[in-house]
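In the text below, chain A, chain B and the rest are named by the order of the sequence lines, each starting its count at 1.
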There are 2 protein chains.
Amino acid sequence: MCKNHTIIFTFVIMVQKMDMADFISNGFKQFIPQLSIDCTIFGYHENQLKVLLRSWKGVDGWCLPGGYIDRSESIEEAAHRILNERTGLTNVFLQQYYTFGDLRRLMNPGNEILLKSSWLYKDARGSWLGDRTISIGYYALIEFSKAVPKPDEFSKDCAWWDIQNLPVLLFDHEQMINKAINTIRTQLKYQPVGLNLLPNKFTLPELQKLYETILDRTIDRRNFQKKILSLGVLKRLDQRRKIGAHRSPSLFTFDKVKYKRALSESKGPGF
Amino acid sequence: MCKNHTIIFTFVIMVQKMDMADFISNGFKQFIPQLSIDCTIFGYHENQLKVLLRSWKGVDGWCLPGGYIDRSESIEEAAHRILNERTGLTNVFLQQYYTFGDLRRLMNPGNEILLKSSWLYKDARGSWLGDRTISIGYYALIEFSKAVPKPDEFSKDCAWWDIQNLPVLLFDHEQMINKAINTIRTQLKYQPVGLNLLPNKFTLPELQKLYETILDRTIDRRNFQKKILSLGVLKRLDQRRKIGAHRSPSLFTFDKVKYKRALSESKGPGF
DNA sequence: CCAAAAGTGTTCTCGGTACACCCATGC
DNA sequence: GCATGGGTGTACCGAGAACACTTTTGG
C-alpha cells in the first residue's frame, strides 16, 4: 500500500532535449496528451516546511513541477522521473494523493490574466498542450539539503518557497498544494513519514520541531518523545550534537527495516 | 474533503447512442482518450457485500463499469454520470480513491487469452480505444435495493457479484476492487460511511452485520452500539421491526445534518 | 551562578474491550 | 416454557494529555 518509497528507482529514458516549438508540435507523439503529473515536493529547512516551485519563461506566476507521462512508462515511473529532473534525487518517498480534473483548474480567477498574456495561451493553445488537462498529484518528502533545484530549458526559475508564504500560483496548484499538506498531516498521525524530510542524523528536539511545523501546533516534549520512541523505528547513536550554551542532545537515526515495517502497519482506533 | 456525496448531481449530457463502430472510430472526438474512469460500486444485500460488474458482448470475463470523460465535464461529473448510467441513481456517495496507470494493467496474465480472442483486441486495437489507458478509480456506496443494474448497448450483462466470490476479472480490475475495499475499511474506522449502504430505516443489529461484513470480523454487540450511538448521527424511531419469533428491534434512521458534519470531522490518535 | 535547552516519570481521563444478565416474541 | 435474538451496564486496560523538576553546557 505504501511501498512507493521502497521502489528502486528504475532510471527511465530521459526526455530528449527538444526545443519548445518541437515540443509544442510533436510532444504528443512521445507523451500521453491531456494527462499530466504534478509533484508537490516538500522539504524542510530552518524550521520551515517548503515546497519546490518552478516558473516558466515568459509567464508570471509559479507552478508545481510537472510533466507528461511517456507512453512507455508507468505513472509512478513518470512521477519519479519528473522529481528526478527537478531535484536530481532518486529513490525518494513519493506518493500519489489525488487526481485533479476540474474544468476550472485552468481558469483560476486569481491569475487568469497572467496566463492570457503568455505564450502558453498564444502558442500552446491550439496544440495538444492547449487541450484541457487532467493532473495526477504526487507528493514527495525529501531531504532539503540533498536536493539541488534544477530549472529545465523552459523554466525561468526553480526554487524553494515557504509554505507560509507562497507566491501567486498558476492553475489550481494552490489547491493541489493544500490537499497535499492535508494528506501529509493525516498520514503523519499514523505513520512516521516525517523522517523522510530530515538528514540521516537528527535530534529528538529537531524531529519534534518538524512535527510541530507540519501540524502547525505545539506538542508536549515528554509526550512526543515517549510516543515517537515507542514506535521503535529510531536508534539512539553514541553521539551528541553540540548546540552552543546548552545541554547536548543525543543524535538519532532511523532503522530502515523497522521503519518500512511501521509504514505498512498503520493502526487506528474505531472498529 | 469528503463532500462528494453532497454534491447535487448535475445531470450532464448523456452519451449519445452510437453504434460500436462509430464509437471506435469517432469516440475520441467527444471523449478524452487514454484516460478512463472505473467505478467500484458497492451494495449490500443478504449479509453480503456486493460489487456491480458488467461484461462485454463478445468478451469473456467481467469488469468494472467504466467510461470515458467527456471533454466538457469534470472527472467527478463523469464518475457520477457513469454510475448513473449503470444504476439509475443520482446523488450517491462517490469518492475518488486512486489512479491506476501501471503498464501491466492491460496485460493481466490471468486472462490475457480472453482479451486476445475478443473484438477488443481485433477491432479496438489500432483505434483510440486500443491505446494504453490510465484509469481513475472511484468507489460508490449505494443502497442495493434502489439500484437496477442496466447493461448498455455494448454489454452482455450487468450484475451484482459477491465480494467473496468474484468472477474472472479483466485488466487490473481485481486489484482496483481490492484497493477500493481497503479504502472503505480504513474509512469505516473513522467515519460512518457504511450508512450509505443501508435503506433509510434499519436496526442496530442490521448495521452491525454490515460493519462485520465489510471488516470481515465479528464485533461485540454492546460495544458496537455504544460506539455507533456515541457518534450522534443516528435517530431512534418510534418503530420496531418485526423479526419473527424474537424481540422486535428498534428502527433507526440517520440525521443527515449531523452525519455530514461527522463525515468532515475525522478524528484519530497520534499527534 | 545563570540562562537556555535537554532529559525524564506520574497522574488523570477517556475510549476500547471484555464480559453476563434480563427482556420480548412466536412457536 | 423454551429457543432465539434484542437490549443494557460494569470493570479493566492502555494510550493520550497534562504537568515539574533536574541536568548539562557555555558564557
Side-chain angles (χ1 to χ4, degrees), chain A residues 46-47 185-186 188-192 198 201-213 215-253 262 265-271, chain B residues 46-47 185-186 188-192 198 201-213 215-253 262 265-271:
Chain A
E46 290 175 346
N47 293 338
R185 285 189 179 147
T186 304
L188 199 62
K189 288 181 184 166
Y190 303 108
Q191 299 178 333
L198 291 177
K201 295 178 184 180
F202 51 87
T203 68
L204 288 187
E206 284 160 5
L207 183 59
Q208 181 175 345
K209 272 264 183 274
L210 168 65
Y211 271 67
E212 290 179 335
T213 304
L215 298 176
D216 197 24
R217 63 182 192 81
T218 58
I219 304 172
D220 182 87
R221 203 152 35 93
R222 293 153 289 193
N223 293 334
F224 177 79
Q225 302 206 359
K226 234 183 305 175
K227 165 122 201 226
I228 207 82
L229 290 175
S230 77
L231 296 176
V233 301
L234 297 185
K235 275 190 302 206
R236 189 189 289 264
L237 301 173
D238 272 343
Q239 302 170 42
R240 287 161 177 274
R241 191 190 294 291
K242 294 276 182 192
I243 52 162
H246 310 294
R247 181 167 180 167
S248 306
S250 288
L251 283 169
F252 286 79
T253 187
E265 290 168 8
S266 75
K267 346 170 254 183
F271 297 103
Chain B
E46 291 177 345
N47 294 338
R185 285 189 179 147
T186 304
L188 199 62
K189 288 180 184 166
Y190 304 108
Q191 300 177 332
L198 291 178
K201 298 177 183 181
F202 50 87
T203 68
L204 288 187
E206 284 162 3
L207 183 59
Q208 180 174 345
K209 273 265 182 271
L210 167 65
Y211 271 68
E212 290 180 335
T213 304
L215 298 175
D216 198 25
R217 65 182 191 80
T218 58
I219 304 172
D220 182 87
R221 203 154 34 97
R222 294 153 289 192
N223 295 334
F224 178 80
Q225 302 205 359
K226 234 185 306 176
K227 165 121 199 225
I228 208 84
L229 291 174
S230 76
L231 297 175
V233 301
L234 296 186
K235 277 191 299 207
R236 188 189 290 265
L237 301 173
D238 271 344
Q239 303 169 41
R240 289 161 174 276
R241 193 191 290 293
K242 295 275 180 193
I243 53 160
H246 310 295
R247 181 168 182 169
S248 306
S250 289
L251 283 169
F252 286 79
T253 187
E265 291 168 7
S266 74
K267 344 171 257 182
F271 297 102

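- Between B:Tyr190 and A:Tyr190, the ring-plane angle classifies as tilted under the 30° and 60° cut-offs.
- When the P atom of C:dG15 is taken as reference, atom CG of B:Leu231 falls 11 Å away, rounded to whole Å.
- When the nearest nucleotides of DNA chain C are assigned to A:Ala245 and A:Arg236 by heavy-atom distance, the more 5′-ward of the two goes with A:Ala245.
- A:Ile219 has its CD1 atom 17 Å from the C1' atom of C:dA6, to the nearest Å.
- Nucleotide C:dG7 holds its P atom 7 Å from the CZ atom of A:Arg240, rounded to whole Å.
- We find that CZ of A:Phe224 is positioned 14 Å from C1' of C:dG7, with the value rounded to whole Å.
- With the nearest nucleotide of DNA chain D identified for both A:Ser230 and B:Leu204, B:Leu204 has the one nearer the 5' end.
- A donor atom on one side chain and an acceptor atom on the other are not found under 3.5 Å apart for A:Arg241 and A:Thr203.
- Atom CZ of B:Arg222 and atom P of D:dC12 are 16 Å apart (whole Å).
- Two residues, B:Pro205 and B:Asn223, neighbour DNA chain D, and the one matched to the more 5' nucleotide by heavy-atom proximity is B:Pro205.
- The side chain of A:Lys227 contributes no N or O atom lying less than 4.0 Å from OP1 or OP2 of D:dA15.
- Backbone-only contact: A:Ser248 has heavy atoms under 4.0 Å from sugar-phosphate atoms and none from a base.
- Residue B:Ser250 is in sugar-phosphate contact alone, with no base atom involved, counting any heavy-atom pair closer than 4.0 Å across all strands shown.
- Residues A:His246 and A:Ile243 approach most closely at CD2-O, 3.1 Å, considering heavy atoms.
- Taking the side chain of B:Arg247 as heavy atoms from C-beta on, and the options C:dT17, C:dG7, D:dG7, the nearest nucleotide is D:dG7.
- Between the CZ atom of B:Arg221 and the P atom of D:dG9 there is a distance of 13 Å, rounded to whole Å.
- Ranked by how close their nearest DNA chain C nucleotide is to the 5' end, A:Ile243 and B:His246 are led by A:Ile243.
- Atom-to-atom, CG of B:Asp220 to C1' of D:dC13 comes out at 16 Å; the value is rounded to the nearest Å.
- Checking side-chain atoms of B:Gln208 against main-chain N and O of B:Ile219 turns up a donor-acceptor pair under 3.5 Å.
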Can you check side chain to side chain contact (heavy atoms under 4.5 Å, CB included) on A:Glu206 and A:Leu204, steps first, answer last? CA-CA 5 Å; A:Glu206 284 160 5; A:Leu204 288 187; over 6 Å; no
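- Spacing between atom CD1 of B:Ile228 and atom C1' of D:dT8 amounts to 17 Å, rounded to whole angstrom units.
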